[in-house]
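Read through the structure below, which is laid out as structure tokens, and then see the notes.
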Amino acid sequence: MVGGDAASAVEELVSGVRQATDFAEQFRSYSESEKQWKARMEFILRHLPDYRDPPDGGGRLDQLLSLSMVWANHLFLGCSYNKDLLDKVMEMADGIEVEDLPQFTTRSELMKKHQS
């Protein structure tokens, strides 16, 4: 009955993924496109086990949600942040594939062009 055990394990895994996805859905911003949300949700779900709030509170989940917004804002809107913070979120997002990202020109790049 190995096949039955495997099917049961797969069903349990799929159920767990659905529950995690449903849990994460409550954190979607009304202004996020589907593409932005899918990327940010992957970021959240990837790190959720490490950022679950302890029973006495502590705000670990809030920290994860904030880090996910920093990453998404940097990627999709071109926002800039402290180097250490950006290094942290980029490391956390390593391996998350996002296609067709917008290209941004920084103020420094614009000033260099203007001065030449």
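Position 1 is the first residue of the sequence, and the numbers go up from there. The model shown is predicted, which means the values in this text are computed figures rather than measured ones.
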Using only atom types and a distance under 3.5 Å, with no angle test, would you say the side chain of H74 pairs donor to acceptor with the backbone of C79?
yes
Do K38 and E97 meet the salt-bridge criterion of a basic N to acidic O distance under 4.0 Å?
no
Applying side chain to side chain contact (heavy atoms under 4.5 Å, CB included), run through F43 and L67 and close with a yes or a no.
CA-CA 9 Å; F43 185 100; L67 292 168; 4.2 Å; yes
Do the side chain of R40 and the main chain of E32 share a donor and acceptor less than 3.5 angstrom apart?
no
To the nearest 0.5 Å, what is the distance between OG (S29) and CD (Q36)?
9.0 Å
Would you name the heavy atoms of R60 and D50 that are closest together and state the gap between them?
NH2-O, 2.7 Å
Around atom CD of E91, are there more than 12 heavy atoms from other residues, nucleotides or ligands closer than 6.0 Å?
no
So if you build clusters from Ile, Leu, Val, Met, Phe, Trp, Tyr with side-chain heavy-atom gaps below 4.5 Å, do L86 and M69 land together?
no
From L48 CG over to M41 CE, what is the distance, rounded to the nearest 0.5 angstrom?
12.0 Å
If the test is side-chain contact (heavy atoms from CB on, under 4.5 Å), which one of I44, L64, L65 qualifies with Y51?
L64
Pair K83 + D87: basic N to acidic O under 4.0 Å
yes
Within 6.0 angstrom of Q26 CD, more than 12 heavy atoms from elsewhere:
yes
Atom NZ in K88, atom CG in N82: separation rounded to 0.5 Å?
12.0 Å
Checking side chain to side chain contact (heavy atoms under 4.5 Å, CB included) for the pair D100/K35: CA distance, chi angles, key distance, verdict?
CA-CA 10 Å; D100 301 323; K35 178 176 162 179; 3.4 Å; yes
Using modelled atom types and a 3.5 Å cut-off, is there a donor and acceptor pairing between side-chain atoms of H47 and backbone atoms of M92?
yes
Parallel, tilted or perpendicular: which describes the rings of W71 and F76, with under 30° parallel and over 60° perpendicular?
perpendicular
